[in-house]
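Below: the structure, in structure tokens.
Below, chains carry the letters A, B, ... as their sequence lines are ordered, and counting in each starts from 1. The basis for the numbers below is simple: all heavy atoms, side chains too, and nothing from hydrogens, waters or symmetry mates.
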Amino acid sequence: MSKCDRIRRELAYYAIGALGGRSRRRVEAHLRACPSCRAELVALERTGALLEKVGPESAPDDWHMVKGTIEAAQLHRRAPRLRWGWAMGAAALLILVVGALVWRPIVKTPAPTIVSITQADDEMRASLEGHLAAVWAAPLADEAAVGLRMADLEGEG
Amino acid sequence: MNRDGDNLADLVAQARAGELEAFEQLYRSHQGGIYAFIKHQVGEAELAADLTQQTFVRAWQSLPRLRKLGAFRAWLHRIAANLVRDEMKSGRARLEVLATSLGESDPIAHSPGLVGDWPEEAVLSEELRGAVRLALASLVPEQRAVVVMHHLEGMPVAEIAEALRVRPGTVMSRLARARAAMRECLGPYVEGNDE
């Protein structure tokens with residue numbers, strides 16, 4: 001291998017500034033004496049200059065697409081939280097309704113007593129007492145009302 | 001950290017706190033670079049646009065896990081690189097290199113491809129721009145990634161190393177080999193008569 005061949009293997013490194021120390025000095029010494037290798041160095045430097053001039057290609061502006069994808073992803077991430085919130089609310093409502101239904105029969109409705117109707121006049125009071133007695137005897141029949149009416153008729157007679 | 005770095009870290013912090021407006025600013029300042037990075041890996045514009053969108057959506061979702069706010073760009077490229085790798089594995093992505101190679105054209109018949117003189121004032125002709133893109137496409141993926149990040153996006157070697165999780169020396173080595181390969185590919189376009 002000739003000296004030029006050896007130098008040219010390092011010339012691209014030299015052209016981009018990647019050689020240092022002894023290697024750099026050896027290449028520079030050779031370049032001073034060798035027009036052919038100097039021409040090769042020029043060609044390498046021109047290659048670099050051409051690359052600088054090409055520059056990046058114009059890129060499409062797709063920001064609206066990027067933004068749309070980001071926002072859709074954010075919405076998707078939020079969605080399960082929203083559904084979970086609704087589920088929690090529905091569960092709470094269900095517990096309230098079921099609780100009310102179960103609780104209602106447990107709470108005893110106070111039975112109507114004579115004491116509770118102290119403001120009625122005597123006639124009404126007597127009628128109600130008779131009605132209550134009839135209801136007590138036959139709670140599931142209309143006979144109570146019939147018996148009450150018969151008693152009233154007898155009284156009038 | 002410089003003023004730009006502070007501003008970037010502030011924006012990243014705001015985005016991490018859930019501010020979509022701050023994230024939009026980050027998108028606007030990094031979308032071009034990420035698209036170029038992906039496009040040079042997968043070849044197809046539509047797939048590159050799709051993966052660019054995915055990169056930013058994934059970045060938004062992963063922002064809470066980003067430790068170094070100032071390393072946002074490198075981190076973003078790492079996400080993009082992972083997405084590209086997954087696409088390559090799935091077989092959906094493929095880099096379509098044009099059948100026509102530079103060797104088949106007749107460079108002598110063409111102008112040097114530059115409008116004006118070398119070096120800095122030159123403006124690339126469409127033909128030369130195409131030739132450079134073809135030379136880029138001919139590189140192996142690892143070299144192409146570092147070339148795009150360094151030359152097209154202006155990322156320093158250390159930042160590229162962080163993005164790809166390799167040593168800075170590895171990045172330099174890939175850049176040097178890529179430079180040599182591209183020089184071969186561009187042949188007559190870069191050979192001068194001044195020596």
Side-chain angles (χ1 to χ4, degrees), chain A residues 4-21 23-24 27 30-78, chain B residues 18 20 23-24 27-28 31-37 39-40 45 48-50 52-54 56-57 60-61 113-114 118-120 122-124 128-129 131-133 135-136 147-148 150-154 157 169 172-173 175-183 185-187 189-192 194-195:
Chain A
C4 284
D5 288 338
R6 283 198 299 275
I7 291 296
R8 287 190 185 194
R9 288 176 65 180
E10 293 182 305
L11 215 48
Y13 289 83
Y14 178 82
I16 67 165
L19 276 191
S23 298
R24 184 182 181 85
V27 169
H30 178 81
L31 286 172
R32 278 193 290 273
C34 180
S36 173
C37 285
R38 277 206 303 275
E40 183 58 23
L41 178 62
V42 169
L44 286 166
E45 286 172 343
R46 284 178 174 175
T47 301
L50 280 180
L51 280 167
E52 304 290 341
K53 288 180 187 302
V54 167
E57 295 175 52
S58 60
D61 183 354
D62 288 335
W63 170 246
H64 62 289
M65 300 284 284
V66 173
K67 187 183 177 192
T69 309
I70 287 171
E71 288 175 340
Q74 286 177 330
L75 204 63
H76 182 70
R77 272 206 304 275
R78 268 203 297 269
Chain B
L20 208 49
F23 192 66
E24 182 179 359
Y27 170 85
R28 302 246 173 252
Q31 159 237 17
I34 291 296
Y35 176 80
F37 174 71
K39 171 82 181 342
H40 281 97
D50 182 32
T52 302
Q53 287 175 35
Q54 286 187 46
F56 282 92
V57 170
W60 169 265
Q61 291 165 344
L114 295 168
W118 276 104
E120 286 78 14
V123 177
L124 294 195
L128 186 51
R129 195 177 293 272
V132 174
R133 291 197 188 286
L136 248 178
V147 167
V148 170
H150 186 66
H151 292 286
L152 274 61
E153 297 184 55
V157 169
M172 292 295 271
S173 179
L175 280 173
R177 284 195 227 120
R179 179 73 67 92
M182 290 189 72
R183 180 260 172 275
C185 208
L186 288 168
Y189 292 101
V190 291
E191 285 162 6
D194 47 359
E195 280 290 337

For the residue pair B/M172 and A/Y13, establish whether any side-chain heavy-atom pair is separated by less than 4.5 Å.
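B/M172 vs A/Y13: side chains apart.
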
Work out which heavy atom in [X] is nearest to a heavy atom in [Y]; give both atom names and the distance.
| X | Y | value |
| --- | --- | --- |
| A/P60 | B/Y27 | O-OH, 3.8 Å |
| B/H151 | A/G48 | ND1-O, 4.2 Å |
| B/R183 | A/A43 | NE-CB, 3.8 Å |
| A/A73 | B/Q61 | CB-NE2, 4.2 Å |
| B/Q31 | A/A59 | NE2-O, 3.8 Å |

Please round to the nearest 0.5 Å and tell me the distance separating atom [atom1] of [X] and atom [atom2] of [Y].
| X | Y | atom1 | atom2 | answer |
| --- | --- | --- | --- | --- |
| A/D62 | B/D50 | CG | CG | 9.0 Å |
| A/K53 | B/L152 | NZ | CG | 13.0 Å |
| B/R28 | A/D61 | CZ | CG | 4.0 Å |
| B/W60 | A/K67 | CH2 | NZ | 10.5 Å |
| B/R129 | A/L50 | CZ | CG | 10.0 Å |
| A/I16 | B/R179 | CD1 | CZ | 7.0 Å |

Salt bridge or not between B/E191 and A/R46? Use side-chain N to carboxylate O under 4.0 Å.
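No salt bridge links B/E191 with A/R46.
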
Hey, mind stepping through A/E71 and B/L20 against side-chain contact (heavy atoms from CB on, under 4.5 Å) and telling me if it holds?
CA-CA 9 Å; A/E71 288 175 340; B/L20 208 49; 3.8 Å; yes

Which portion of [X] sits near chain A, non-hydrogen atoms under 4.5 angstrom:
| X | answer |
| --- | --- |
| B/F37 | neither |
| B/V147 | side chain |
| B/S173 | both |

Let's go through A/T47 and B/V132 carefully: what are the C-alpha distance in whole Å and the side-chain angles of both, what is the deciding distance for side-chain contact (heavy atoms from CB on, under 4.5 Å) to 0.1 Å, and is it a yes or a no?
CA-CA 9 Å; A/T47 301; B/V132 174; over 6 Å; no

Counting heavy-atom pairs under 4.5 Å to chain B, which of A/L51, A/T69, A/L11 comes out on top?
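Of A/L51, A/T69, A/L11, A/L51 has the most heavy-atom pairs under 4.5 Å with chain B.
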
